[in-house]
Amino acid sequence: MTTTVDTRAQVAHSLRLKPIIGVVRTGATAEAARQARVLMQAGLELIEVTFSIPGAAGLTRQLIAERGAPGPPWIGMGTVTTAARAREALAAGAEFVVSPNVHRAVAEAARAADRFLVLGALTPTEIVAAHELGADLVKVYPLPPVGGPAYLATVRQPLGDIPMLAAGGFGIGDIPAYLQAGAVAFGIGFPLLAGRTDAPPTVIREHVARALRLALAPDDPPGAGGRAAEERA
């Protein structure tokens with residue numbers, strides 16, 4: 001049986017192999033379940049079920065039960081903004097925890113359960129605080145409104161020893177610029193679904209495959225034009 005200690009290490013390993021967390025954020029539970037399943041089938045190894053989904057904890061339990069065996073794929077919970085949400089996520093079996101903010105109680109709950117922890121931060125003070133609270137990865141969020149890759153590159157000049165995930169609503173074509181700026185992982189949602197709710201699985205697989213390829217070895221120059229703009233969400 002996989003222990004919680006094993007799970008944390010294996011989540012970290014999966015993120016190194018496929019450094020994209022597929023973010024599921026929608027107001028309809030059935031649509032969230034569909035998105036999560038199709039992203040898993042497309043090859044992602046980390047799926048983030050956000051608390052903005054009605055019945056998010058129940059959906060997390062359901063997806064883990066459907067998997068029927070230890071991951072990957074791993075099912076985590078996002079938008080874990082409070083201690084109460086952290087407890088609910090862990091009770092649901094979340095295999096990693098993502099927060100958009102720095103919250104000591106969330107960090108303590110995740111560390112006590114030995115879950116892989118991603119804390120959100122934006123300023124240098126917040127990034128260091130998240131790292132000191134034991135975040136395995138710091139989610140720098142939201143990046144596009146504050147300068148995108150240029151901001152990340154600037155922040156990483158003094159804080160290059162802290163592993164950072166880029167997030168905040170950018171397209172697949174923007175991944176190379178964030179990779180060049182120093183991101184080691186990426187939180188992406190709707191662009192992986194081709195920016196629509198009716199994209200066929202074949203199209204989603206193509207988008208996920210391209211995102212993973214760019215996250216590991218970019219083949220589009222940073223700032224490349226049309227496709228990045230078209231895919232931005």
Side-chain angles (χ1 to χ4, degrees), residues 1-16 18-41 44-121 126 129-139 141 163 165 167 185-189 192:
M1 177 180 292
T2 302
T3 67
T4 56
V5 174
D6 292 334
T7 298
R8 182 181 173 197
Q10 290 179 38
V11 168
H13 178 69
S14 284
L15 197 57
R16 286 192 295 271
K18 296 185 176 182
I20 291 178
I21 298 178
V23 182
V24 179
R25 188 183 301 282
T26 177
T29 308
E31 173 60 16
R34 185 195 71 83
Q35 291 182 16
R37 293 185 187 111
V38 74
L39 290 174
M40 287 188 281
Q41 292 163 2
L44 289 185
E45 295 197 2
L46 275 76
I47 303 296
E48 176 187 337
V49 177
T50 62
F51 266 98
S52 55
I53 300 165
L59 177 58
T60 298
R61 290 189 183 91
Q62 178 183 338
L63 292 170
I64 293 172
E66 287 177 1
R67 190 181 62 198
W74 308 103
I75 312 299
M77 294 200 71
T79 322
V80 183
T81 53
T82 65
R85 283 187 172 183
R87 291 191 294 270
E88 188 176 357
L90 295 169
E95 293 162 324
F96 61 93
V97 172
V98 182
S99 175
N101 57 301
V102 180
H103 196 303
R104 178 176 294 276
V106 170
E108 289 174 348
R111 287 281 69 88
D114 204 19
R115 291 296 194 269
F116 190 90
L117 174 63
V118 183
L119 288 178
E126 293 169 349
H131 182 63
E132 290 181 342
L133 285 174
D136 296 289
L137 194 57
V138 177
K139 170 182 173 178
Y141 169 90
L165 174 146
F186 310 87
I188 305 180
L192 297 174

Is any side-chain heavy atom of D136 less than 4.5 Å from a side-chain heavy atom of R111?
-> yes
Non-neighbouring partners of E132 that pass side chain to side chain donor-acceptor pair (under 3.5 Å), sequence neighbours left out | none
Where do R115 and A94 come nearest, in terms of heavy atoms and distance?
-> NE-O, 2.6 Å
Could you go step by step and tell me if F51 and T81 meet the side-chain contact (heavy atoms from CB on, under 4.5 Å) rule?
-> CA-CA 9 Å; F51 266 98; T81 53; over 6 Å; no
Over all atoms of both residues, closest heavy-atom pair of E88 and A57 | OE2-CB, 3.5 Å
In terms of heavy-atom contacts, V102 and A129 come closest through CG1-CB, 4.2 Å
Residues V97, L90; criterion side-chain contact (heavy atoms from CB on, under 4.5 Å); working and verdict | CA-CA 8 Å; V97 172; L90 295 169; 4.2 Å; yes
Evaluate whether atom CZ of R67 has more than 12 neighbouring non-hydrogen atoms of other residues, nucleotides or ligands under 6.0 angstrom away.
-> yes
Look at R34 together with E31 and state whether they make a salt bridge at an N to O cut-off of under 4.0 Å.
-> yes
Would you give the length of the straight line joining atom OH of Y141 to atom CD of E126, rounded to the nearest 0.5 angstrom?
-> 12.5 Å
Sequence neighbours excluded, which residues qualify as side chain to side chain donor-acceptor pair (under 3.5 Å) partners of R25?
-> S52, T79
Passing candidate, side-chain contact (heavy atoms from CB on, under 4.5 Å) with L192, options L39, V24, V23, V38 | L39
Look up atom CD in E66 and atom CD1 in I75, then write down how far apart they are to the nearest 0.5 Å.
-> 9.0 Å
In this structure, CD1 of I47 is separated from CE of M40 (nearest 0.5 Å) by 6.0 Å
So how far is it from L46 CG to I20 CD1, rounded to the nearest 0.5 Å?
-> 11.0 Å
Shortest non-hydrogen contact from L137 to A185?
-> CD2-CB, 3.9 Å
Any donor-acceptor pair under 3.5 Å linking the side chain of S99 with the backbone of L119?
-> no
Output, in order, the C-alpha distance, side-chain angles, deciding distance and verdict of side-chain contact (heavy atoms from CB on, under 4.5 Å) for F116 and L15.
-> CA-CA 11 Å; F116 190 90; L15 197 57; 4.0 Å; yes
Here the pair of heavy atoms bringing A110 nearest to L117 is CB-CD1, 3.8 Å
Where do A109 and A86 come nearest, in terms of heavy atoms and distance?
-> CB-CB, 4.0 Å
Counting distance only, does the side-chain N/O of E48 pair as donor-acceptor with the main-chain N or O of G76 below 3.5 Å?
-> no
Hey, are the side chains of L44 and P73 touching, using non-hydrogen atoms and a 4.5 Å cut-off?
-> no
Verify, without hydrogens or angle tests, whether T26 (side chain) and A32 (backbone) share a donor-acceptor contact under 3.5 angstrom.
-> no
